[in-house]
Protein chains: 4
Amino acid sequence: MQAPQDTKPRWERRKDARPQELLAAALDQFVERGYAATRLEDVAKRAGVSKGTLYLYFANKEELFKAVVRENIVHAIGEAEQDAAVFDGPSSVLLRAILMKWWDQICATQLAGITKLMLAEGNNFPELAQFYNEEVVARGNGLIASVLVRGIGRGEFRPVDPAVMTQVLVAPVLMLMMWTHSFMPTCEMPPIDPHAFMDTLIGVTLSGLEVAQP
Amino acid sequence: MQAPQDTKPRWERRKDARPQELLAAALDQFVERGYAATRLEDVAKRAGVSKGTLYLYFANKEELFKAVVRENIVHAIGEAEQDAAVFDGPSSVLLRAILMKWWDQICATQLAGITKLMLAEGNNFPELAQFYNEEVVARGNGLIASVLVRGIGRGEFRPVDPAVMTQVLVAPVLMLMMWTHSFMPTCEMPPIDPHAFMDTLIGVTLSGLEVAQP
Amino acid sequence: MQAPQDTKPRWERRKDARPQELLAAALDQFVERGYAATRLEDVAKRAGVSKGTLYLYFANKEELFKAVVRENIVHAIGEAEQDAAVFDGPSSVLLRAILMKWWDQICATQLAGITKLMLAEGNNFPELAQFYNEEVVARGNGLIASVLVRGIGRGEFRPVDPAVMTQVLVAPVLMLMMWTHSFMPTCEMPPIDPHAFMDTLIGVTLSGLEVAQP
Amino acid sequence: MQAPQDTKPRWERRKDARPQELLAAALDQFVERGYAATRLEDVAKRAGVSKGTLYLYFANKEELFKAVVRENIVHAIGEAEQDAAVFDGPSSVLLRAILMKWWDQICATQLAGITKLMLAEGNNFPELAQFYNEEVVARGNGLIASVLVRGIGRGEFRPVDPAVMTQVLVAPVLMLMMWTHSFMPTCEMPPIDPHAFMDTLIGVTLSGLEVAQP
DNA sequence: TATGAATGAGATTTCATTCAT
DNA sequence: TATGAATGAAATCTCATTCAT
């Protein structure tokens, strides 16, 4: 069952994989229970290790949480930034790609729970809130704004205020994310087709943005 | 020593007012910090009483929270139910009145924080979630659905599924509520005019609901 | 058995006395075990209360320790400062009184253990060391130096450097303190008569300090 | 591959040197931080090995500390015992040599920190205290006492109680050691010239001890 | 009715020690 | 021999809840 080209002994592969396992377990637990209510002992149990092991890899609960965010969300933002930097086509295509990637990789996954968590508990953990705003909100919004600036600069988009326009784009997606992830499991929500929603949102917004072609 | 026009001695009025004061303090604290992070000591301090006094009126933290919800939200739902029961005019007027009351008394006030709190922490406190769904979500939705049924029965509304239609009505209001109450303080949102939003929402929905007048 | 003029109920007197009891227990434990090795649970047990009770009175271990130092050592320094401020006689008498008070109230008592503790563990707890140096070492030395300045100003003492002379006075007393409090119980020390030692020290030093009377 | 003039292969020389390296690192760490506050991980890091390696050479923290004491202090006492056993000259010369060796090799070096450490923490680690008293205090004092007995037996010294006289000799040296090793870094001490001190101490003591030469 | 001192279970974090490789 | 990942007991600190007054 082992890939033959894997030359490392089992425990060494384990060692390398350990941080990922811990981060995965932490993500599950944070999303399931929230930040404050997550007990590190439960994270450890979930990862099949002891409490102390967590501290071999992460200095404390806060750093563990930051690592989860970095590993998942910040990483994805970085990728999107790369994509944007080398992209050569129309800005509308780039913008659509970025928003869809955001939806597919974050909003539509378990990671949406992290966003919820920050909304819910950010107030009680100011350092976490600051980190999240700097690493996620600012960078994410900045990326979108930069695409808008690009489009405006290339004459593809009408000259709008990029910061405000970013909010106009981001807000509905946040809403949809909260909507589709039933925050209160027992509170049934009417079905929304996320892809249709995203498609419509992006379509309408882009057509409003684009300079009319004569 | 007592003001003569007061039928009750001062301390007795105090006694009667006490639970209200405690509930007000608890509401403030719950909204400000969330459920788990609210320390009963802070609630007591805020109300100007001792921790022990809280337990004279409320069996425990959970009951205190339930009382806050009952006193404020459930109470308002009850009033709306009363209003609906005696209302005699067109269903569209009734529906508009109910939604506007919801907005004005709950969504536009501090109480929106309770909704946020339940969305955010409900998972971690199943008994609270169950209570909230039974007393607030079910009754609130039920009220709206009943008005829809009334309108359909009276030939005012087109025959739609009341449960689904209720969701369609409720969802945007929840969205707006979350939107206007900045969940993440640092994350600036584009300005929305809540009254215009509500007006448009209700107007459009009602006109779609109403049977065409020949 | 109760003094009749004591009008407070027993537990109220208890409440007032509680911090003192905790400080006494903490002093015992700190002196017996050192700072790091003192477990707050043991302090609590010694005072006949629970762990949590300690935290009603002292924010944390460090503050508890500081309170012990303040209550005992800093307090005594303050008294000595008062004494010195109102004293009207010869500086040599004042100096002797201050040194003897130091010996009797601190060096010859359990409190000498605090000095030992700071010498031994100060390095590992920089904030504690800073506190101790500011509140105890600086003020204590400052008091002695001020008496020297007074004596020099009044023509009673020869013009020496007060700071250096303070060290010359303080050092042997510290030594004697360490000596008489066997730090390693099994390491027998030759008997020293502390009073004779102090008497000689002060006598010699003063006679060296004093301006020759023609 | 090995340097030919080396009879042992490099890794074997390494193996032999290893315990010494560990002991040196441990000494540094113990002196710097005290016994309790020394973390074996830091010792290992300092020696450039892994934590586990420490346990290949020393059963546990206590044994490591004992080994440090043996390697350094007990070893020096043994040498002095050898010297004394074969020494053939006047007892006063022998005594002076022993005291100066003690000063130069222990008191004036980093090893003085071990003495401080035992004074400070001995109480908390009874087994360590017992070991130290048996291996260091008893043997060291015994050595000095034996020289005194030798001198008395040879008619060089006046007939004093050797045990008491030993304390009289040892005490000031301990004092000086504590004095010169600033125990509280911020607490400045007046400068003392250790060599002058030792010289005077020994000179005065010996002249008091020696039988008057007619 | 009101107080607030007291409790103790439970959370995070540290570190000596073990052991599979 | 050497590693270093893993363990788990123990320490500090928090806070919902109780209860003597």
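Quick caveat: nothing in here was measured; it's all calculated off a predicted structure. Chain naming here is simple, since letters A, B, ... match the order of the sequence lines and numbering starts at 1 in each.
- Atom pair E41(C):CD and dA9(E):P shows a separation of 11 Å (rounding to whole Å applied).
- For the pair K61(B) and Y35(B), the cation sits on the ring face: its NZ or CZ lies under 6.0 Å from the ring centre, inside 45° of the axis.
- Residues A36(C) and G52(A) both approach DNA chain F. Their nearest nucleotides, taken by heavy-atom distance, put G52(A) toward the 5′ side.
- Among the heavy atoms of the strands lying under 4.0 Å from L56(B) is at least one base atom, whether or not backbone atoms are also near.
- In terms of position along DNA chain F, the nucleotide closest to K61(C) lies nearer the 5' end than the nucleotide closest to the other residue of the pair T38(B) and K61(C).
- Nearest nucleotide to the Y55(A) side chain, out of dT3(F), dC13(F), dT14(E): dT14(E).
- At whole-Å resolution of the value, CG in D42(B) and C1' in dA16(F) are 13 Å apart.
- Of all nucleotides present, only dT3(F) satisfies the Watson-Crick or G-U wobble test against dA20(E), with each distance under 3.5 Å.
- Rounded to an integer number of Å, the gap from L64(C) CG to dA11(F) P is 16 Å.
- Which of dT17(F), dG8(E), dT12(F) sits closest to the side chain of K51(B) comes down to dT17(F).
- Once rounded to the nearest 0.5 Å, the distance linking CD of E121(C) with CZ of R33(D) reads 11.5 Å.
- E71(C) has no carboxylate O lying under 4.0 Å from a charged side-chain N of K66(C), or vice versa, which leaves the two without a salt bridge.
- The side chain of R39(C) has dA10(F) as its nearest neighbour among dT3(F), dA5(E), dA10(F).
- Between Y57(A) atom OH and dT7(F) atom P the separation is 10 Å, expressed in whole Å.
- Contact detail for V43(A) and L22(A): the closest heavy-atom pair is CG1-O, 4.3 Å.
- The nearest whole Å value for the distance from the CZ atom in F58(C) to the C1' atom in dT14(F) is 18 Å.
- When each of S50(C) and E62(D) is assigned the nucleotide of DNA chain E with its nearest heavy atom, S50(C) is the one assigned upstream, toward the 5' end.
- If you measure from atom CD of Q29(B) to atom P of dC15(F), you get 12 Å, rounded to the nearest angstrom.
- L40(D) has its CG atom 17 Å from the P atom of dT14(E), to the nearest Å.
- Here dT3(F) presents its C1' atom at 14 Å from CG of L22(D), a figure rounded to the nearest Å.
- Between dA5(F) and T53(A), no contact under 4.0 Å exists linking OP1 or OP2 to a side-chain N or O.
- Between A47(C) and E21(C), the closest heavy-atom pair is CB-O, 4.2 Å.
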